[in-house]
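What you see below is based on every heavy atom in this structure, not just the backbone, and it leaves out hydrogens, waters and symmetry mates. Everything numeric in this text was worked out from a predicted model, so none of it was measured.
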Amino acid sequence: MTYDNPYGGTWFYDPADPFRNDAQANSWTPPLNQNWTWGIDKIYGVNVGGWLDTEPFIVPGLYETYSNGSAGTSVDEYTLIQNMGDNATAIMTEHYNTFITERDFVEMVSNGINWVRLPIGHWAVQTSPEEPYLERVSWEYVLKALKWARKYGIRINFDLHTLPGSQNGWNHSGRIGEVNWLRGAMGLANAQRALEIIRTLTQFIIQPEYAPLIPLWGFVNEPNANVVGQGPVGSFYYEVYRMIREITGTGEGNGPMLSMHDGFVGLASWYNFMPGGDRMALDQHPYMCFGDQRMGDLSVISQAPCEMWAVATNDTSRQFGANTAGEWSAAINDCGQWLNRVGAGARYEGAFPGYNGPTAGPGGCDYWNDHRLWDANTKAELLNVVTRSMDALQVSPSVLTVVGANDRTTSSGHGRSEILLVPSPSPTPCGTTDLVYERDGSHPTPERLSAHVPLSVSLVKNSQEPTLPPG
């Protein structure tokens, strides 16, 4: 393996001093032994999804190999582990060892990446007796990821991707089906378990050996507030906030920025949430592929990111402050294998249960599922989707790295391009306004400057208690 970084980065590792932070991802990123300055330094990030929390559409080969067994069809990690039987530890260890490796981190910095979003399952910390997940087996690879990040100067957005009972009922929460977090017979018990896991992880990441690596802590991925309710989700956020800040203290230098997902109720629904909060960021995961399918001229479809996301992102920067696009994708339809879930058809072909929107009809996905058929215009317009998404989400069209090899994308090529947040230069494909943020946490003022700053500092602005959303 050869380290080739054209962006002025340097790697560093001393086995006699393994927690030394001398590495630097690239010339525009402070080395790990210097502070990350929110509102000044710029994030160029990518996810490593499907590694420590498997998803069928990201690792279809794994799910195809162990597609059936005692649990029936493998549809999530819960059933996958059951169907692996007594060999589960060996099989998953092989997956962990090969799906993401140190080479991937080298390739990231070689392509301008300076941040990685690291999704993990709650089973990396603990499991209950009735859960089949492999307790703490993946934790070894969390530590490896942090070791590689330190070696190459990469900072981590630490993402707890699953909660006990499932926070949304989707396969990437660990178990598909009912939401049994904050609702149902075990909802409160599972929420309490989640708090304990979040406390444990917080106490780990704020240690001086790891704090410089992890400036952003996403303590719950994609809770479905449309099912649970925004009020209960907000109450949980508030409880997590109080717990974490009791551990870390408040103010710059006391623990990481805390990232909270919008719960699919819209960014604007959270603008007045916790106005006295210390260093809070909103996270959105905008996808084109899961809603009504877009038909017709690709040159029109490729404008959609500008129309859907640009204004909301800029408004959030002005009215709330720090915000990230923790996930997004270049996919313009849901034709990817198992993108919706194992066994479900595609909306694009009219085969997804309950979908009544526009479709291309049976066979409509054949073209999209074989990239060898794509003509020059298709490729050009998909590139426009990417650059316009980047601009709308205040991300730079100049850098895009997708970890996509072997089983890291579906056979259709619709692997998830999960970019965290990258600054947007001027001029931009959507024509959005770059924002400059005040270091004291006050609302930003719109200006078009080449030194775009993508994140604000949400410092404690007053002494009032944070307020919760209604409901």
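The aromatic rings of His122 and Tyr133 lie perpendicular to each other, with more than 60° between the two planes, well past the 30° mark. Relative ring orientation between Tyr141 and Tyr96 is described as tilted, the plane-to-plane angle lying within the 30° to 60° band. The aromatic rings of Trp38 and Trp36 lie perpendicular to each other, with more than 60° between the two planes, well past the 30° mark.
Atom CD1 of Ile301 sits about 11.5 Å away from atom CD of Gln303, to the nearest 0.5 Å. Taking OG1 of Thr202 as the reference point, atom CD1 of Ile197 lies at 11.5 Å (rounded to 0.5 Å). The CD1 atom of Ile156 sits 11.0 Å away from the CD1 atom of Ile205 when rounded to the nearest 0.5 Å. A distance of 12.0 Å separates CE in Met108 from CG in Asn114, rounded to the nearest 0.5 Å. Summarising the geometry, atom CG belonging to Asp53 is positioned 8.5 Å from atom CG belonging to Asp159; distances are rounded to the nearest 0.5 Å. Annotation: the span from Trp51 atom CH2 to Thr98 atom OG1 amounts to 10.5 Å, rounded to 0.5 Å.
Of all heavy-atom pairs spanning Gln167 and His161, the tightest one is NE2-O, 2.9 Å. Shown here for Val59 and His95, the closest heavy-atom pair between the two residues is CG1-CE1, 3.8 Å.
Taking a cutoff of 4.0 Å between a charged side-chain nitrogen and a carboxylate oxygen, Arg183 and Glu178 qualify as a salt bridge. At a threshold of 4.0 Å, the pair Arg388-Asp391 does not count as salt-bridged, since none of the basic side-chain nitrogens sits closer than that to a carboxylate oxygen.
Asn226 places a side-chain heavy atom less than 4.5 Å from the side chain of Val265. Here the side chains of Pro358 and Asp292 are in contact, with some heavy-atom distance below 4.5 Å. The side-chain heavy atoms of Tyr3 and Val109, taken from C-beta on, include a pair separated by under 4.5 Å. Within the 4.5 Å cutoff, the side chain of Leu298 has heavy atoms near those of the Ile332 side chain. Counting only heavy atoms from C-beta outward, the side chains of Val228 and Pro223 never approach each other to under 4.5 Å. No side-chain heavy atom of Ser166 sits less than 4.5 Å from a side-chain heavy atom of Asn180. Taking the side chain as every heavy atom from C-beta outward, Asp334 and Gln293 approach each other to under 4.5 Å.
In this structure, the side chain of Asp283 does not engage the main chain of Glu327 through any donor-acceptor pair within 3.5 Å. Asn171 places no side-chain N or O within donor-acceptor distance of the main-chain N or O of Glu77, the cut-off being under 3.5 Å. Side-chain N or O atoms of Asn35 include none that pairs as donor or acceptor with a backbone N or O of Thr37 at under 3.5 Å. Distance alone, capped at 3.5 Å, is enough to place a donor-acceptor pair between the Glu349 side chain and the Gly364 backbone.
In this structure, the ring of Tyr152 has its center no less than 6.0 angstrom from the ring center of Phe105. Here Phe273 and Tyr238 keep their ring centres 6.0 angstrom or further from each other. In this structure, Phe264 has its ring center closer than 6.0 angstrom to the ring center of Trp170.
Between Ser299 and Asp297, the side chains place a donor N or O and an acceptor N or O closer than 3.5 Å (distance only, hydrogens not considered). A donor-acceptor contact closer than 3.5 angstrom is absent between the side chains of Glu222 and Ser173. Thr29 and Tyr7 are not linked by any side-chain donor-acceptor pair at a separation below 3.5 angstrom, with hydrogens and angles left out of the test. Inspection of the Asp262 and Ser269 side chains reveals no N or O donor paired with an N or O acceptor under 3.5 Å. Thr79 and Asp76 share a side-chain donor-acceptor pair at under 3.5 Å.
Here Ser110 pairs with nothing under the side-chain hydrogen bond (donor to acceptor under 3.5 Å, both in side chains) rule; sequence neighbours left out.
With a 6.0 Å cutoff to the six-membered ring centre and a 45° limit on the axis angle, Arg318 does not count as a cation-pi contact of Tyr271.
The number of heavy-atom neighbours closer than 6.0 Å to NZ of Lys144, taken from other residues, nucleotides and ligands shown, is above 12.
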side-chain contact (heavy atoms from CB on, under 4.5 Å) between Ile214 and Leu118, intermediate numbers included: CA-CA 10 Å; Ile214 309 173; Leu118 179 64; over 6 Å; no

CA sep, side-chain torsions, deciding dist, call: Phe99, Asp104, side-chain contact (heavy atoms from CB on, under 4.5 Å): CA-CA 9 Å; Phe99 188 68; Asp104 293 299; over 6 Å; no

